[in-house]
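Quick note: numbers below take in every heavy atom, side chains included, and nothing from hydrogens, waters or symmetry partners. First the proteins, then the strands, lettered A, B, ... as listed; each starts at 1. All values reported here derive from a predicted model rather than from experimental measurement.
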Amino acid sequence: MLVDTDLLLKYGGFAENYAPSEIIFSEGEIPHYYYQLVTGSVKLNHFAEDDKEMIQSIVFEGKSVCELLSFTDQKFPVNAVAMAPSIVIKVPKDGFLKLIAEHQQSAVATQRYVADRLYHKFRLMQNNASKYSHVRIKGILTYFKSLSDDKTPYSYEVQLTRKQLAALTGLRIETVIRTVKKMESEKLLKIIKRKIYF
DNA sequence: TCATTAATTTGGC
DNA sequence: GCCAAATTAATGA
């Protein structure tokens with residue numbers, strides 16, 4: 001848990017439930033809360049020209065959703081959509097800023113988290129700028145595996161669908177399918193019952 | 001459960 | 001890379 005739940009509640013936080021595919025907030029709206037995910041997972045997406053979905057990021061339990069908006073007056077740059085049944089704690093912005101000011105440990109934790117996300121965003125953008133599809137996919141898989149405890153090869157079961165991999169890398173679904181198969185033949189990953197192990 | 005919709009896969013251009 | 005068609009999985013009434 002990024003910031004202690006009791007602390008969030010103490011500063012005005014309250015829990016809300018979201019069903020899969022339910023929208024938590026939308027692009028262009030003015031942020032009024034700090035969001036922290038207790039359970040479930042949330043994707044941050046944006047729809048390009050012809051309603052092509054681009055997934056900017058996926059947030060898992062214990063982490064905050066777009067916390068950077070707590071520190072700036074910009075509008076939401078993305079939509080947040082629950083991917084699984086999720087519980088989110090919402091803390092009014094001023095309450096959260098007060099919490100941060102009065103609790104050094106939470107301030108540091110949040111700071112580190114923002115920095116870490118920004119770091120990975122750089123790495124992912126560099127991978128996704130590659131003209132090679134396998135570089136983009138490997139970048140995403142490496143990042144998601146780094147979020148888990150798994151270290152040994154083929155031990156990480158990728159929960160992402162082919163479609164989601166496409167939306168994360170900017171590739172077409174067909175390209176993802178074909179590239180992933182090629183990567184399997186090159187022993188970079190394994191596919192068992194359609195699931196990818198990396 | 002069955003019907004409908006979404007996702008996956010293959011093949012053609 | 002894009003589109004169409006066939007197969008399979010997921011969803012919901």
Does any pair with a residue in residues 188-198 of chain A pass salt bridge (charged side-chain N to carboxylate O under 4.0 Å, His left out), and if so which ones, sequence neighbours excluded? A:Glu157-A:Lys195
Assess, by modelled atom type and distance only, whether the side chains of A:Glu67 and A:Tyr35 contain a donor and an acceptor separated by less than 3.5 Å. no
For a quick check under 3.5 Å, do A:His46 and A:Gln56 share a side-chain donor-acceptor pair by atom type? no
Assess whether one donor atom and one acceptor atom, taken from the side chain of A:Arg178 and the base of B:dG11, lie less than 3.5 Å apart. yes
Name the closest nucleotide to the A:Glu174 side chain, picking from C:dC3, B:dT8, C:dG1. C:dC3
Which of C:dG1, B:dT8, B:dT10 is nearest the side chain of A:Arg172? It is C:dG1
Output the rounded distance in Å from [atom1] ([X]) to [atom2] ([N]).
| X | N | atom1 | atom2 | result |
| --- | --- | --- | --- | --- |
| A:Ile177 | B:dT9 | CD1 | P | 5 Å |
| A:Ile173 | C:dA4 | CD1 | P | 15 Å |
| A:Glu184 | B:dT9 | CD | P | 11 Å |
| A:Lys193 | B:dT9 | NZ | C1' | 18 Å |
| A:Lys182 | B:dT10 | NZ | P | 16 Å |
| A:Glu53 | B:dA7 | CD | C1' | 13 Å |
| A:Leu171 | B:dT9 | CG | C1' | 17 Å |

Would you say the ring centroid of A:Tyr154 lies under 6.0 angstrom from that of A:Tyr197? no
Validation row, ring centre A:Tyr156 to ring centre A:Phe198 under 6.0 Å: no
If the threshold is 4.0 Å, N to carboxylate O, is there a salt bridge linking A:Glu29 and A:Lys75? no
Expected string for nucleotides 5-13 of chain C under the B/S/- scheme (protein heavy atoms, under 4.0 Å, primed atoms plus P, OP1, OP2 as sugar-phosphate) is ---SS----
